[in-house]
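All residue numbers in this chain count up from 1 along the given sequence. The structure presented is a predicted model; accordingly, all values stated were derived computationally and were not measured.
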Amino acid sequence: MSQSNNTTPPTSEKLQKVLARAGLGSRREMEKYIDANRVSVNGKVAKLGDRVEETDLIRVDGHTVKIEEKADRICRVIMYNKPEGELSTRKDPEGRRTVFDRLPRIDGDRWIAVGRLDVNTSGLMLFTNDGELANRLMHPSYEVEREYSSRVFGEVTNETLKNLMRGVELEDGPAKFTNIKPLGGEGINRWFNVTLNEGRNREVRRLWQSQDVEVSRLIRIRYGKLELDKRVPQGGWVEYDLETVNYLRKTVKLGRETQTKLSVMPEKRKDKRAKINQIRKAVKKHNQRVKSTKRK
């Protein structure tokens, strides 16, 4: 293990980057692990700023971590249609439902959430097994657009919309919508599609609240150019093809992926319908299992 300095060998990498590539979580999550003294390198507790090499022995919570080369993993991305009521954490100590409960298992790997949606927000969530891709998609420097459909309660004037487009000061810094599209509604309950270039905690809700307007429904409908597939029921997921994975990688300046776990043959319309029906059945079966468990 080497410390961050001018003599760092070119073969070393930041510890959190290596852990993210190993599929343990995003780079930000791994920084929290390191800060909490849960990571050791060659028997010594690791610190933020440490760099590691291929020969180093890394442990997380006492378990050895296999250091993977970048080429060892096939980058995969899935779209999940999150229902309201699910937490965006991996596990909940109170046993509440999380977005990870329904995701497919991947041998020797794990899914990493690209950002979070709060418990009362539904819609498009991305998951990948590539920690570096997840980290870059979340990082504000890449300005990946997120679009939300929001139903708001309160008086929304032209001045309100101008303020939200110009920018307002929140407790964690300035924020603004890059686009607002009115969608109609009745009385003081109205729908707006809003777009922003970052994903801070509850940012959409806090922006509206800064104008004394409350959000009563919030749905993420787009991430970059990827739109929520409305054919996929809430609680369902689909895996993206190689072209879409490479669109995401190019967006955040990562190299092209050449392999995929999906068939490269074009899907026929009837096969697409069959897949959606299969997803619906799986979601229904999961919901029934959850209800049965609660009754017990």
### Query
Hey, are D92 and T89 close enough side-chain-wise for a donor-acceptor pair under 3.5 Å?
no
### Query
Do you know the tightest heavy-atom contact between G115 and M138?
N-SD, 3.0 Å
### Task
Look at E171 together with R206 and state whether they make a salt bridge at an N to O cut-off of under 4.0 Å.
yes
### Minimal non-hydrogen separation, P83 against G235, with atom names
CG-N, 3.8 Å
### Query
Is the Lys NZ or Arg CZ of K225 less than 6.0 Å from the centre of Y247's six-membered ring, within 45° of the axis?
yes
## Note on the structure
Of R27, R136, R249, R76, the one forming a salt bridge (Lys or Arg N to Asp or Glu O under 4.0 Å) with D130 is R249
### Task
Decide, yes or no, whether a salt bridge links R96 with E86 under the criterion of side-chain N to carboxylate O below 4.0 Å.
no
### Message
Please find the pair of heavy atoms, one from E198 and one from P174, that lie closest to each other, and give the distance.
### Response
OE2-O, 4.4 Å
#### Entry: Verify same cluster id: L196, Y223 (apolar side-chain graph, 4.5 Å)
no
### Query
Pick from W237, F127, W111: which one makes a ring pair (Phe, Tyr, Trp, His ring centres under 6.0 Å) with F100?
F127
### Task
Indicate, with yes or no, if W191 and V156 share a hydrophobic cluster defined by side-chain heavy-atom contacts under 4.5 Å among Ile, Leu, Val, Met, Phe, Trp and Tyr.
no
### Query
Are E169 and K176 close enough for a salt bridge, meaning some N to O gap below 4.0 Å?
no
### Query
Would V252 and M79 show up in the same hydrophobic cluster when neighbours are defined by side-chain heavy atoms closer than 4.5 Å?
yes
### Query
Can we say R51 and E13 salt-bridge, meaning some charged N sits less than 4.0 Å from an Asp/Glu carboxylate O?
no
